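All heavy atoms count here, side chains included; hydrogens, waters and symmetry mates do not. Since the model is a prediction, treat every value here as computed from it, not as a measurement.
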Amino acid sequence: MTISRFRIAAMDCDAEAELVRMRLTDLDGIDRIAIELPDREAIVEHHTDTNIVTAALHDLGLGAAHLGD
């Protein structure tokens with residue numbers, strides 16, 4: 001299992017946090033998603049390639065960036 005942290009620069013409300021959750025739950029291999037709305041971060045526990053998670057978040061257009069595993 002990998003735990004990855006992402007900065008999502010334009011995520012500033014519950015609706016956008018829910019978009020992140022919905023997008024990630026569509027992916028295979030996602031075990032847990034924690035959203036830190038005040039910090040504009042998402043912490044994702046997953047068994048899939050980190051690049052797949054990064055690409056899914058990038059597609060939302062909210063300025064997602066992978067901070068590290």
Side-chain angles (χ1 to χ4, degrees):
M1 174 177 33
T2 304
I3 301 173
S4 300
R5 183 178 294 273
F6 297 88
R7 169 102 171 124
I8 306 174
M11 180 179 68
D12 58 5
C13 67
D14 289 333
E16 289 166 341
E18 187 59 26
L19 284 175
V20 170
R21 281 188 198 92
M22 288 188 314
R23 180 65 183 108
L24 293 177
T25 57
D26 286 346
L27 299 177
D28 290 330
I30 302 296
D31 297 319
R32 188 175 78 85
I33 303 160
I35 303 293
E36 305 279 338
L37 193 55
D39 298 328
R40 296 181 181 186
E41 292 185 358
I43 301 156
V44 184
E45 292 181 16
H46 57 95
H47 287 90
T48 192
D49 187 280
T50 303
N51 292 327
I52 293 171
V53 180
T54 303
L57 290 172
H58 180 73
D59 288 347
L60 292 173
L62 296 174
H66 180 230
L67 299 177
D69 295 329

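Between the CG atom of Leu24 and the CG atom of Leu60 there is a distance of 7.5 Å, given to the nearest 0.5 Å. In this structure, Thr2 OG1 and His47 NE2 are separated by 7.5 Å, a value rounded to the nearest 0.5 Å. Note that CZ of Arg32 is 7.0 Å distant from CD1 of Ile3, once rounded to the nearest 0.5 Å. The distance from atom CG of Leu57 to atom CG of Leu19, rounded to the nearest 0.5 Å, is 11.0 Å.
Shown here for Ile30 and Val44, the closest heavy-atom pair between the two residues is CD1-CG1, 3.8 Å. Residues Ala17 and Leu37 approach most closely at CB-CD1, 4.3 Å, considering heavy atoms. Closest non-hydrogen pair, Met11 versus Glu36, comes out as CE-O, 4.5 Å. Of all non-hydrogen atoms in His58 and Ala64, the two that sit nearest each other are N-CB, 4.2 Å. Of all heavy-atom pairs between Ala10 and Glu16, the closest is O-OE1, 2.8 Å. Arg7 and Asp39 get closest at one heavy-atom pair: NH1-O, 2.8 Å.
In this structure, Ile33 is a member of the same hydrophobic cluster as Val53, with clusters built from ILVMFWY side-chain heavy atoms closer than 4.5 Å. Under the 4.5 Å side-chain heavy-atom criterion for Ile, Leu, Val, Met, Phe, Trp and Tyr, Ile35 and Leu27 are members of the same hydrophobic cluster.
Heavy-atom neighbours of Asp28 CG from other residues, nucleotides or ligands within 6.0 Å: at or below the threshold of 12.
Phe6 has its side chain out of reach of Val20: every pair of non-hydrogen atoms, C-beta onward, lies at least 4.5 Å apart.
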